[in-house]
Enquirer: 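Please find one structure pasted underneath; my questions will follow.
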Amino acid sequence: MLLFFILGLFVHFVFFGSIFDIYFTSPLVHGMTPQFTPLPPPAKRLVLFVADGLRADTLYELDENGNSRAPFIRNIIMHEGSWGLSHTRVPTESRPGHVALIAGFYEDVSAVAKGWKENPVEFDSLINESKYTWSWGSPDILTMFAKGIDTNGHAHRPSSREYKDNIKLVDAGMKEMVSILEHFYGNDGKTAFIFTSDHGMTDWGSHGAGHPSETLTPFVTWGAGIKYPQKVSAQKFDDAFLKEWRLESWKRQDIHQGILPVDYLNNTDLFKAESMFTNAIQILEQFKVKMTQKKEVTLPFLFIPFKLLPESKQLNIVRKARSYIKQRKYDEAVSLCKELIHLALKGLSYYHTYDRFFLAINVVLGFLGWTSYAFLLIIKSHFNLTRGVNKEVKKPSHLLSCSCIAIGVFVAFFLLLQDCPWTYYIYCLLPVPIWYAVLREFQVIQDFVTLLLTVPPSYFVGYLLVFILGIEILVLSFFYRYMLTAGLLAFAGWPFITQLWTRAKSISLSWIFFSLLLAAFPLMPVVGRKPDIFLVMGAGLLVLLLSLCVLTSLIKRKDSFINEELLLHLFQMLSVVLSMCVTYSTHSSLRKKQGLPLLNQIISWLILAFSLVLPLLSPTSLFERLFSILLSLMSTYILLSTGYEALFPLVLSCLMFVWIQVEQETLQQRGISCKQKVTSVRFTCSTDITQFRQLYLDDVRRAFFLVFFLVTAFFGTGNIASVNSFDLASVYCFLTVFSPFMMGALMMWKILIPFVLVMCAFEAVQLTTQLSSKSLFLMVLVISDIMALHFFFLVKDYGSWLDIGTSISHYVIVMSMTIVLVFLNGLAHLLTTKKLRLCGKPKSHLI
């Protein structure tokens with residue numbers, strides 16, 4: 001099993017890495033001849049102001065008194081220059097934003113491997129092409145950098161007075177700096193000014209993803225070569241921003257990537273046409289270089305050129321555009337250049353994705369082979385297909401081995417001829433040994449097919465459709481959280497179609513009640529949007545009430561109750577009370593701008609430290625240990641909560657307790673006797689493998705339930721595929737000074753707590769139903785890999801960067817599910833089975 005796990009880890013790392021070679025290779029092209037406009041530029045110098053984290057709406061809108069927060073910028077829009085919106089892209093971080101500004105392209109997606117801190121590929125920029133450059137600001141950005149807005153946005157949020165007042169400060173500072181520069185150069189009229197932002201910010205003080213409040217940034221320009229304000233009666237924009245900002249009378253011009261915004265220029269038509277012609281020729285040069293590079297590494301009979309822009313058409317458009325300029329038909333020349341740019345960009349995309357289909361086919365073959373092998377391993381190890389039949393085990397055919405070797409050699413030679421990167425060899429050769437391993441199990445496949453033929457077709461088709469529907473609901477839940485609600489509603493109705501309702505009505509009613517209660521959470525807004533401290537306090541009170549009920553029940557049930565157990569239970573209840581007090585106190589202190597009290601911070605860290613130790617002191621009986629884990633983790637979760645999500649682990653845990661009883665009840669219905677009742681079961685470190693049983697079809701349903709509950713733990717209170725789901729206010733009980741790694745670790749633990757609760761419950765399910773963890777692991781592997789294959793085809797490299805980033809996150813989450821499951825299974829096993837004893841204290845009993 002260890003070897004299988006190591007190989008599986010390698011295979012999944014290959015599949016994960018493949019999306020970066022298939023979808024996200026560097027789009028940058030090198031080796032072009034630089035192009036220049038033959039006419040003199042209207043400006044001798046450019047001054048670029050970049051306000052870190054400035055939202056467009058906060059700058060342009062008027063305050064409650066009808067006055068502008070940036071009167072200097074407002075005056076420029078109305079009397080001196082041109083304005084619009086710049087549409088930035090994910091990642092909406094400082095450095096990628098500045099790369100787009102000074103280099104003219106969106107951040108190279110392959111830079112994700114370096115955390116968006118540096119580009120893995122060299123690129124040209126405005127700074128490189130300038131004779132002299134002076135830069136002030138952040139050292140890793142090298143451009144003029146108006147600090148303060150971003151910091152205030154993180155600390156106080158964009159709707160705060162601090163954030164808005166900082167805009168006034170930046171506006172006043174810019175006014176002073178422009179005056180100094182104009183005076184220094186003797187008001188020669190040869191300076192061009194641009195004011196913009198690297199990215200915006202969400203209402204809850206974060207950035208990095210693709211929400212419009214993050215991607216829409218201001219763009220204001222004035223000075224030499226820039227058009228003066230243009231008054232218009234109507235404008236063609238779908239949004240309602242112009243009316244909100246009371247700028248509907250001043251022409252708005254938005255910025256788009258790669259195309260020269262000639263409408264901003266105040267110059268002759270000849271200059272605009274020549275500039276656009278230079279722009280088109282430069283992009284055409286990139287197209288030619290990209291085509292040549294791809295042609296050189298492709299076998300001649302396999303190369304398929306871009307049909308929309310053959311060489312003859314290139315020459316024809318260039319000649320015609322130059323002819324129009326000579327004939328002073330400038331508008332026609334500009335239009336033709338835009339057409340050439342459009343075709344060249346499409347051609348660049350075509351050659352950039354030239355190998356995509358070939359690589360995708362190989363990865364899909366590997367996916368299908370690996371999933372098939374895992375499925376066959378389940379059949380071979382946990383189903384007795386050939387019971388009672390004497391069959392000789394056939395050795396793998398020599399022909400099969402030779403065929404696989406021949407295919408591998410042919411593929412390697414084919415890749416060698418095309419001078420492919422080394423990663424291509426892995427993607428293309430990996431399916432060969434995988435499918436060899438599958439075909440070696442031909443006898444198992446034959447036996448399984450024989451078994452399927454004995455099953456009534458309607459029965460088989462029905463189960464298959466239910467399985468496919470379940471997988472599709474899981475996939476859709478990554479995009480639409482309400483699909484989890486639909487799934488939980490189906491879970492609530494499940495007892496009615498089984499014998500569970502007739503045999504155990506009280507358990508069935510509990511299952512229905514908590515399934516419906518949990519179904520409400522995916523319908524609520526994503527965590528962090530609307531904080532509510534009173535809901536957090538309510539969750540704490542419910543935990544305390546439940547603790548009192550459990551304590552009373554345990555005292556009544558036991559003939560004697562150990563003092564240590566009672567003290568532990570009371571200490572955990574005290575921990576919950578302290579969490580509530582610290583959360584409320586911290587919330588009040590921060591609202592009064594008094595910061596995080598030191599005592600609150602110390603208590604928070606102590607509660608976090610003890611939360612993983614206290615459960616290990618509790619008895620190993622199933623119910624008491626699980627409840628101890630819930631109390632400890634809830635005390636930490638309350639400290640990390642800002643609203644309704646504090647109730648989520650409590651409701652989830654209640655459903656998990658019922659699930660344990662439901663699974664034992666369904667197993668008894670199959671005639672399998674469970675030796676102990678749930679109340680008397682104890683967790684143990686050493687598992688007796690002789691107790692494990694053969695798998696049944698119902699165990700697939702158990703594995704599906706586990707995956708569904710894990711996905712619900714993921715998306716029950718928010719979409720963590722986007723960084724927008726994280727609210728920094730969640731960690732304010734622990735620290736308020738911005739520390740990305742520490743804050744990230746705390747928020748990751750908050751996300752993992754519901755997972756730990758689910759896995760601890762499933763540890764109990766495995767114990768009570770005598771299900772081996774190996775068989776569970778393999779079934780979850782098959783389910784997650786089928787989901788991963790869905791998301792492999794849903795990965796996007798076009799459209800909004802919110803969609804692109806989300807599609808990558810979905811794929812990564814599903815690919816990581818099996819690996820995370822192994823880690824969580826180990827953690828759950830430790831929490832449920834390990835018993836720490838306090839030395840030196842004799843056991844005493846409370847009668």
Side-chain angles (χ1 to χ4, degrees), residues 27 29 31-44 46 81-84 86-87 103-105 124 126 129 189-190 192 194 219 221-232 234-237 251-292 305-352:
V29 183
M32 293 83 62
T33 305
Q35 304 294 318
F36 302 97
T37 302
L39 302 174
K44 289 184 177 179
L46 170 68
S82 297
W83 77 286
S86 176
H87 298 263
F105 71 95
D124 203 1
L126 183 68
E129 296 295 330
K190 292 293 182 179
I194 293 176
F219 188 88
T221 181
W222 69 100
I226 303 298
K227 273 186 180 179
Y228 286 99
Q230 302 171 66
K231 279 212 160 191
V232 291
Q235 302 196 56
K236 295 180 181 178
F237 289 100
K251 188 175 182 180
R252 165 183 155 190
Q253 301 170 87
D254 290 1
I255 298 294
H256 300 281
Q257 182 199 21
I259 301 175
L260 180 70
V262 290
D263 291 337
Y264 272 91
L265 302 180
N266 182 23
N267 213 310
T268 63
D269 289 339
L270 172 61
F271 181 84
K272 292 178 184 179
E274 286 286 0
S275 298
M276 185 58 78
F277 183 78
T278 304
N279 188 197
I281 295 298
Q282 188 69 71
I283 293 176
L284 182 62
E285 281 288 319
Q286 293 182 48
F287 168 79
K288 289 179 177 178
V289 170
K290 195 77 174 177
M291 181 181 69
T292 303
F306 182 60
K307 295 178 181 179
L308 296 179
L309 194 60
E311 191 172 354
S312 58
K313 190 169 185 177
Q314 297 171 31
L315 294 171
N316 184 44
I317 292 176
V318 170
R319 277 199 299 262
K320 193 178 284 188
R322 177 50 67 190
S323 173
Y324 280 147
I325 292 173
K326 287 181 179 178
Q327 297 171 26
R328 299 185 179 181
K329 296 179 179 178
Y330 302 123
D331 289 339
E332 288 87 342
V334 168
S335 178
L336 205 56
C337 289
K338 285 183 178 179
E339 181 189 346
L340 180 58
I341 288 171
H342 174 71
L343 290 172
L345 288 174
K346 284 186 73 173
L348 275 169
S349 175
Y350 171 78
Y351 287 118
H352 181 63

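These numbers come from the heavy atoms of this one structure, side chains and all, not from hydrogens, waters or symmetry mates.
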Enquirer: So Trp222 and Ile194, do their side chains get closer than 4.5 Å, heavy atoms only?
Expert: no
Enquirer: Please check this pair: side chain of Glu332 against backbone of Tyr324, looking for a donor-acceptor N/O pair closer than 3.5 Å.
Expert: no
Enquirer: Should Leu309 and Phe287 count as side-chain neighbours, where that means a heavy-atom distance under 4.5 Å?
Expert: yes
Enquirer: Under the 3.5 angstrom rule, does the side chain of Thr292 hit a backbone N or O of Lys288 as a donor-acceptor pair?
Expert: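 Answer holds: yes.
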Enquirer: Shortest non-hydrogen contact from Ala273 to Ala333?
Expert: CB-CB, 4.5 Å
Enquirer: Please determine if Asp331 and Lys329 form a salt bridge, counting it only when a charged side-chain N lies under 4.0 Å from a carboxylate O.
Expert: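 The answer is no: the pair does not qualify as a salt bridge.
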Enquirer: Is the shortest side-chain heavy-atom distance between Ile283 and Asn279 below 4.5 Å?
Expert: yes
Enquirer: Checking Trp83 side chain against Pro229 main chain: does a donor-acceptor pair fall under 3.5 Å?
Expert: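 No: the side chain of Trp83 does not pair with the backbone of Pro229.
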Enquirer: Say whether, by atom type as modelled, one donor and one acceptor occur between the side chain of Gln314 and the main chain of Leu284 under 3.5 angstrom.
Expert: no
Enquirer: What closest approach, in Å, do Asp263 and Lys227 show between heavy atoms, and which atom pair accounts for it?
Expert: O-CD, 3.1 Å
Enquirer: Would you say Phe306 and Lys346 make side-chain contact, with heavy atoms under 4.5 Å?
Expert: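 Sidechains of Lys346 and Phe306: in contact.
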Enquirer: Quick one, Phe277 and Val318 - any side-chain contact, counting heavy atoms below 4.5 Å?
Expert: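 When only atoms from C-beta onward are counted, Val318 and Phe277 do touch, with a gap below 4.5 Å.
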Enquirer: Counting only heavy atoms not in Gln327, do more than 12 fall under 6.0 Å of its CD?
Expert: yes
Enquirer: When you compare the side chains of Thr221 and Ser82, does any donor N or O come within less than 3.5 Å of an acceptor on the partner?
Expert: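 No - no donor-acceptor pair under 3.5 Å links their side chains.
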Enquirer: For the residue pair Ser335 and Glu339, confirm or rule out a side-chain donor-acceptor distance under 3.5 Å.
Expert: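 Distance-only check fails for Ser335 and Glu339.
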Enquirer: Once you round to the nearest 0.5 Å, how far does CE of Met276 lie from CG of Leu265?
Expert: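 If we round to the nearest 0.5 Å, Met276:CE and Leu265:CG are 8.5 Å apart.
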